[in-house]
Amino acid sequence: MDKYLITGATGNVGLSTMRYLLERKDADFEVVGAVRDVEAARKMEGLEHAQLVNFEFDEPSTHAEALKGITKLLLIRPNQVSDVSKHIFPFLNKVEQSGVKHIVFVSIVGAERNRVFANHRIETHLKKMSIPYTIVRPSLYMQNLVTLHGQEIRKSNHLYIPAGAGMVNYIDARDVARVVVELLTKPGHEGKEYEITGQEPMDFYKIASLFTAELGREIKYARPLTIKFIRQKMLEKKQLPFIVTLSLLYGAARNGKMGHTSSVFKELTGSEPRQLVDFIHENRKVWEK
């Protein structure tokens with residue numbers, strides 16, 4: 001019987017993956033959530049009775065227990081970890097010495113082309129390992145509109161994003177988790193790389209109009225210079241590595257490289273991914289005054 005280790009089990013993709021796997025009635029596998037604080041994780045919906053283990057990438061003493069009996073690994077890099085050679089590679093070395101037979105890595109759109117991304121270095125490292133891997137590259141998460149842009153929408157009535165007139169195709173992190181579950185539970189994905197997007201690319205003027213219609217007040221799209229965007233997000237105490245990565249992604253959108261649609265989600269799950277308009281409706285309380 002397979003035993004899955006889900007890193008980042010309290011994050012957007014990791015938590016949804018845990019919930020989907022634990023809901024499976026026909027489960028012929030075990031699921032272990034790797035978390036920093038087991039007691040805190042137990043308070044999260046869906047994890048009350050889950051099998052959890054204390055784990056941190058930069059604490060080697062936690063690695064052996066987390067990997068005990070594991071056959072498949074979901075690898076998610078924490079946003080705050082940028083020095084992957086120091087904090088991720090030592091763990092992957094332990095993984096290679098364990099009984100893990102398959103690694104699914106949640107990367108990011110464009111990582112295969114951009115050496116600046118920490119995820120690029122992880123992808124390169126995985127390809128040198130002896131363990132079969134699968135790489136998932138999601139486009140921008142809808143959840144970023146809550147975590148990174150929620151305050152500016154609620155308080156300032158604008159989207160402060162340096163993407164120009166470029167198009168993006170947001171994906172819900174829960175849909176990324178659905179793909180991950182398929183990759184973990186079904187054979188035939190080893191050595192493959194999948195890009196996951198939403199249904200419809202749109203520019204931020206259109207996205208702002210969706211917020212305007214849902215919230216009943218005008219939400220404008222501001223187009224700051226990238227350096228101003230970085231400074232603003234630093235003032236909001238966001239993690240610098242994540243801000244820089246996001247700025248690069250918005251730059252790619254500005255340059256016309258993010259406006260495509262992938263059919264991978266439907267091919268793997270048999271259904272369409274969630275739409276942004278529905279996500280905004282579902283989470284409207286976040287942006288209400």
Side-chain angles (χ1 to χ4, degrees), residues 1-24 27-35 50-51 53 55 57 63 66-79 81 84 87-89 91-112 117-139 141 171-197 262 264-270 273:
M1 183 171 67
D2 278 321
K3 188 176 182 180
Y4 307 151
L5 180 67
I6 311 300
T7 65
T10 58
N12 282 322
V13 174
L15 180 57
S16 291
T17 300
M18 288 288 294
R19 288 170 174 165
Y20 287 145
L21 288 170
L22 292 170
E23 288 171 359
R24 293 279 289 263
D28 57 352
F29 50 77
E30 289 185 58
V31 185
V32 181
V35 300
Q51 187 176 347
V53 62
F55 174 83
F57 284 104
H63 295 176
L67 288 169
K68 190 173 181 180
I70 298 300
T71 59
K72 295 189 179 184
L73 167 69
L74 175 61
L75 178 64
I76 302 175
R77 178 184 65 86
N79 291 329
V81 173
V84 295
H87 298 296
I88 303 293
F89 292 175
F91 171 66
L92 289 178
N93 291 338
K94 292 280 186 65
V95 171
E96 197 156 28
Q97 298 165 12
S98 71
V100 172
K101 300 175 182 178
H102 184 204
I103 300 173
V104 175
F105 174 48
V106 178
S107 186
I108 194 168
V109 63
E112 75 279 16
F117 291 168
N119 284 345
H120 175 90
R121 298 191 289 279
I122 295 177
E123 289 189 15
T124 301
H125 189 85
L126 286 174
K127 293 175 182 180
K128 295 177 181 178
M129 295 176 64
S130 60
I131 302 174
Y133 66 86
T134 306
I135 295 172
V136 182
R137 299 190 187 102
S139 59
Y141 292 134
I171 185 75
D172 194 306
R174 293 170 295 183
D175 287 335
V176 177
R178 283 191 62 190
V179 169
V180 166
V181 169
E182 291 293 311
L183 303 181
L184 286 172
T185 60
K186 296 181 180 178
H189 300 290
E190 294 83 359
K192 295 184 178 181
E193 303 170 20
Y194 297 109
E195 184 168 312
I196 312 295
T197 73
S262 164
V264 169
F265 181 86
K266 186 172 184 178
E267 291 169 2
L268 292 178
T269 68

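Keep in mind the model is a prediction, meaning the values are calculated, not measured. Note: hydrogens, waters and symmetry copies are ignored here, and every other heavy atom, side chains too, is used.
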Does the pair Leu73 and Tyr133 meet the rule for a side chain to side chain contact (heavy atoms under 4.5 Å, CB included), with working shown?
-> CA-CA 9 Å; Leu73 167 69; Tyr133 66 86; over 6 Å; no
Determine, step by step, whether Ile135 and Val104 satisfy the side chain to side chain contact (heavy atoms under 4.5 Å, CB included) criterion, reporting the C-alpha distance in whole Å, the side-chain angles of both residues, the deciding distance to 0.1 Å, and the verdict.
-> CA-CA 6 Å; Ile135 295 172; Val104 175; over 6 Å; no
Between Val100 and Leu67, does a side chain to side chain contact (heavy atoms under 4.5 Å, CB included) hold up when you go through it step by step?
-> CA-CA 8 Å; Val100 172; Leu67 288 169; 4.2 Å; yes
Please step through side chain to side chain contact (heavy atoms under 4.5 Å, CB included) for the pair Phe29 and Leu21, ending with a clear verdict.
-> CA-CA 9 Å; Phe29 50 77; Leu21 288 170; 3.8 Å; yes
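In plain terms, the two heavy atoms of Asp28 and Met1 that are nearest each other are O-CG, 2.8 Å. Nearest approach of Gly14 to Ile6, heavy atoms of both residues: O-CG2, 3.8 Å. Shown here for Glu190 and Gly188, the closest heavy-atom pair between the two residues is OE1-N, 3.2 Å. Taking both residues in full, the closest heavy atoms of Met18 and Ala50 are given as CE-CB, 4.0 Å, listed atom of the first, atom of the second, then distance. Val106 approaches Pro138 most closely through the heavy-atom pair CG1-CG, 4.0 Å. Across every non-hydrogen atom of Gly33 and Ala9, the tightest pair is CA-CB, 3.7 Å.
Listed by chain and number, the residues in a ring pair (Phe, Tyr, Trp, His ring centres under 6.0 Å) with Phe265 amount to none (sequence neighbours excluded). Not counting sequence neighbours, the partners of Ser262 by the side chain to side chain contact (heavy atoms under 4.5 Å, CB included) test are Thr197, Val264. With sequence neighbours excluded, the residues that form a side chain to side chain contact (heavy atoms under 4.5 Å, CB included) with Glu112 are Glu123, Arg137. For the side chain to side chain donor-acceptor pair (under 3.5 Å) test, no residue two or more places apart in sequence or in another chain qualifies with Lys94. Arg19 pairs by the side chain to side chain contact (heavy atoms under 4.5 Å, CB included) definition with Leu15, Glu23, Glu45, not counting sequence neighbours.
Among residues at least two apart or in separate chains, salt bridge (charged side-chain N to carboxylate O under 4.0 Å, His left out) pairs with a member in residues 69-78 are Asp2-Lys72.
Put simply, the side chain of Thr185 reaches to within 4.5 Å of the side chain of Arg24, judged on heavy atoms. By the 4.5 Å heavy-atom criterion applied to side chains, His125 and Met129 are counted as neighbours. By the 4.5 Å heavy-atom criterion applied to side chains, Leu92 and Phe57 are not counted as neighbours. Thr17 is listed as a side-chain neighbour of Val181, based on a closest heavy-atom distance under 4.5 Å. Side-chain contact check for Lys101 versus Pro132: every heavy-atom pair is 4.5 Å or farther apart. A heavy-atom distance below 4.5 Å is not found between the side chains of Leu183 and Phe105. Looking only at side-chain heavy atoms (C-beta outward), Ile70 and Tyr4 stay at 4.5 Å or farther from each other. Here the side chains of Val84 and Phe89 are in contact, with some heavy-atom distance below 4.5 Å.
Remark: Leu5 CG to Ile103 CD1 distance equals 11.0 Å, nearest 0.5 Å. Atom CG of Asn119 sits about 10.5 Å away from atom CD1 of Ile76, to the nearest 0.5 Å. One distance of note links CG of Asp172 with OG of Ser16; it measures 7.5 Å at 0.5 Å rounding. In this structure, Leu126 CG and Ile88 CD1 are separated by 10.5 Å, a value rounded to the nearest 0.5 Å. Here the OH-CD distance, from Tyr194 to Glu267, works out to 9.0 Å after rounding to the nearest 0.5 Å.
For the pair Ser107 (side chain) and Val136 (backbone), a donor-acceptor distance under 3.5 Å is absent. Proximity of a side-chain donor or acceptor of Gln97 to a complementary backbone N or O of Val95 within less than 3.5 Å is not detected. At distances below 3.5 Å, at least one donor-acceptor pair connects side-chain atoms of His120 with backbone N or O atoms of Ala111.
Between His63 and Phe55, the ring planes lie tilted relative to each other; the angle falls in the 30° to 60° range.
Between Lys127 and Glu193 there is a salt bridge, since a side-chain N of the basic residue sits under 4.0 Å from a carboxylate O of the acidic one.
The closest side-chain donor-acceptor pair between His102 and Thr134 falls under 3.5 angstrom.
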